[in-house]
Chemist: 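Below you will find the structure I want to go over with you.
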Amino acid sequence: VEYKIAPRGKIFDLELLSSSQDQHFDSACLEAVNKSSPLPPLPFNFDREIKEDYLTISLTFYLEKKKPKLPKDLI
């Protein structure tokens with residue numbers, strides 16, 4: 001997932017860079033980032049140190065599938 005953060009914390013240009021081949025997982029990843037908007041404002045000196053008007057963030061989400069635990073009476 002990649003997205004941009006405006007200096008005041010708004011997330012925009014959210015996109016899925018590669019699919020996990022699981023539509024529900026892909027949607028959940030995008031929704032998790034989207035629900036976090038707005039973030040706190042970027043540090044006050046951000047505009048002076050960075051040439052862009054936004055910060056680009058790339059995240060990788062991993063799906064860890066665990067075996068369900070069986071009740072002891074079924075083991």
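We use all heavy atoms of the structure for the numbers below, so side chains are in, but hydrogens, waters and symmetry mates are not.
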Chemist: Could you measure the distance from the CZ atom of Phe61 to the CG atom of Leu63? Nearest 0.5 Å is fine.
Modeler: 12.0 Å
Chemist: Please give me the minimum heavy-atom distance between Gln21 and Asp26, naming the atom from each residue.
Modeler: N-OD2, 4.2 Å
Chemist: How close do Ser37 and Gly9 get, counting heavy atoms only, and between which atoms?
Modeler: OG-O, 4.3 Å
Chemist: Which value, rounded to the nearest 0.5 Å, describes the distance between Ile11 atom CD1 and Lys4 atom NZ?
Modeler: 12.5 Å
Chemist: Would you say Glu15 has more than 12 foreign heavy atoms packed within less than 6.0 Å of its CD?
Modeler: yes
Chemist: So which atom in Ser58 and which in Glu2 form the shortest heavy-atom distance, rounded to 0.1 Å?
Modeler: OG-OE1, 3.0 Å
Chemist: Is the backbone N or O of His24 less than 3.5 Å from a side-chain atom of Ser27, with the two atoms forming a donor-acceptor pair by type?
Modeler: no
Chemist: Could you pull out the closest heavy-atom pair between Tyr62 and Phe25, with the gap in Å?
Modeler: C-CZ, 3.8 Å
Chemist: Could you measure the distance from the SG atom of Cys29 to the CG atom of Leu17? Nearest 0.5 Å is fine.
Modeler: 11.5 Å
Chemist: At their closest point, which heavy atom of Leu39 faces which heavy atom of Ser36, and how far apart are they?
Modeler: CD2-O, 3.4 Å
Chemist: Nearest 0.5 Å please: distance from the CG atom of Leu55 over to the OH atom of Tyr3.
Modeler: 8.5 Å
Chemist: Taking only residues two or more places apart in sequence or in another chain, which ones pass side-chain contact (heavy atoms from CB on, under 4.5 Å) with Leu30?
Modeler: Val1, Leu14, Leu16
